[in-house]
Amino acid sequence: MIVIREGDIDEVVSLMQELPEFINPYSKEELKKRLLNANLMLVAETDGYLVGFKCGYERDVGTRKFYSWLGGVLPTYRKMGVAKMLLKKMEEWCRERNYEVLEFKTFNEHKGMLILAIKNGFEIVDVRYSEKDDRKRIVLQKELI
Ligand SMILES: CC(C)(COP(=O)(O)OP(=O)(O)OC[C@H]1O[C@@H](n2cnc3c(N)ncnc32)[C@H](O)[C@@H]1OP(=O)(O)O)[C@@H](O)C(=O)NCCC(=O)NCCS
């Protein structure tokens, strides 16, 4: 059985290191710096093993928008509904705290994430091009009210 619960920075760091898509995983220090404001770190666990996470914070302080920053599920546990459970839990947590919008960014090549988002009520609100590389950043939002 998959259980979703609040986790901590060490758990998020260890999961990120196991995810093949995170080529340069954030360090504990970087996570701490970003997650200073109101934040949520969720982990998915089964039989004592961590299999996924999702973390976010109030990026634009004082607004009713919550930013879902990072997340992922270990390859063996994909397509079993884990990311959907993590997302539902984050939405629930945001609604309880009166956030009106849940936002996240992803890259065009992260098809799984885009499909998950569209299937769960997110809309594309922006596409950003960066001079750093030619990857398209897709900004998605979901109204929570
Ligand atoms: C994207 C990711 C989080 C999805 O996790 P998951 O646990 O496999 O997703 P779920 O099983 O909850 O899927 C939810 C829905 O999205 C669909 N979906 C998920 N990944 C998909 C994929 N690669 N292709 C097509 N559909 C996909 C599922 O079929 C499911 O649809 P349903 O609700 O109709 O059954 C996971 O693939 C992952 O960790 N990817 C790498 C990290 C990443 O891309 N992070 C995001 C960076 S912003």
Side-chain angles (χ1 to χ4, degrees), residues 1-60 63-96 99-144:
M1 193 182 63
I2 305 280
V3 175
I4 308 295
R5 62 164 173 83
E6 291 201 23
D8 60 31
I9 286 195
D10 290 321
E11 290 174 320
V12 169
V13 169
S14 79
L15 276 162
M16 232 183 321
Q17 285 166 350
E18 284 186 67
L19 278 158
E21 288 83 359
F22 285 83
I23 296 151
N24 293 309
Y26 289 93
S27 66
K28 186 172 174 176
E29 288 62 41
E30 286 169 300
L31 277 163
K32 267 191 194 160
K33 241 192 264 169
R34 280 257 210 153
L35 297 172
L36 271 182
N37 303 324
N39 72 74
L40 175 66
M41 279 175 272
L42 291 174
V43 293
E45 195 175 50
T46 181
D47 294 330
Y49 290 103
L50 295 176
V51 299
F53 80 101
K54 190 166 189 69
C55 68
Y57 62 102
E58 195 178 299
R59 195 173 51 168
D60 304 318
T63 65
R64 296 286 87 214
K65 186 165 82 183
F66 195 75
Y67 180 62
S68 175
W69 180 31
L70 300 168
V73 174
L74 298 185
T76 320
Y77 296 90
R78 287 182 190 170
K79 305 264 184 80
M80 293 165 70
V82 177
K84 196 168 162 176
M85 287 170 76
L86 286 161
L87 175 61
K88 290 286 153 217
K89 190 77 183 173
M90 181 176 271
E91 283 183 27
E92 216 175 274
W93 184 92
C94 285
R95 284 201 178 88
E96 280 165 8
Y99 285 103
E100 294 173 3
V101 173
L102 181 56
E103 179 179 284
F104 75 94
K105 261 196 312 248
T106 190
F107 291 103
N108 206 30
E109 61 267 28
H110 287 159
K111 306 294 182 206
M113 197 63 217
L114 286 168
I115 293 169
L116 163 77
I118 300 294
K119 278 188 167 175
N120 287 281
F122 281 79
E123 290 190 353
I124 294 170
V125 295
D126 201 4
V127 179
R128 293 181 191 151
Y129 300 83
S130 167
E131 283 170 12
K132 272 193 284 183
D133 50 48
D134 56 7
R135 300 168 84 195
K136 292 186 196 75
R137 284 131 177 100
I138 316 288
V139 185
L140 295 115
Q141 285 187 354
K142 179 170 180 172
E143 301 278 342
L144 299 175

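Atoms within each ligand, like the ligands themselves, are counted from 1 in listed order. FYI, side chains are in, hydrogens and waters are out, and symmetry mates aren't considered; it's all heavy atoms of this structure.
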Atoms in ligand 1 flagged as close to G72, the criterion being non-hydrogen separation under 4.0 Å |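 That gives atoms 39 (O) of ligand 1.
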Run the salt-bridge test on E103 and K142 with the 4.0 Å N-O cut-off and return the result as yes or no.
->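 Result for this pair is no, no salt bridge flagged.
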Given that the side chain starts at C-beta and the backbone is N, CA, C, O, which of these parts of M80 lies under 4.0 Å from ligand 1, counting heavy atoms, or is it both or neither?
->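 Backbone only; the side chain of M80 stays clear of ligand 1.
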Do any N/O atoms on [X] end up under 3.5 angstrom from N/O atoms on ligand 1?
| X | value |
| --- | --- |
| I115 | no |
| K84 | yes |
| L19 | no |
| F104 | no |
| E21 | no |

Begin with the C-alpha distance, continue with both residues' side-chain angles, and end with the deciding distance and a verdict on salt bridge (charged side-chain N to carboxylate O under 4.0 Å, His left out) for R137 and D133.
-> CA-CA 10 Å; R137 284 131 177 100; D133 50 48; 3.0 Å; yes
Can you find a side-chain donor-acceptor pair between S27 and E30 that sits under 3.5 Å?
->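 Yes, E30 and S27 have a side-chain donor paired with an acceptor closer than 3.5 Å.
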Starting from atom 16 (O) of ligand 1, locate the nearest protein heavy atom and write down its residue, its atom name and how far away it is, to 0.1 Å.
->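 Answer for atom 16 (O) of ligand 1: L116 CA, 3.7 Å.
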Which of these, H110, K119, R78, has its nearest heavy atom closest to atom 44 (O) of ligand 1?
->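 Checking each option, the heavy atom nearest atom 44 (O) of ligand 1 is found in H110.
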Identity of the nearest option to atom 8 (O) of ligand 1, non-hydrogen atoms only, from K79, M16, K111 |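 Ranked by closest heavy atom to atom 8 (O) of ligand 1, first place is K79.
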Geometric cation-pi criterion K54 and F104, 6.0 Å radius, 45° cone =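 Verdict for F104: a cation-pi partner in K54.
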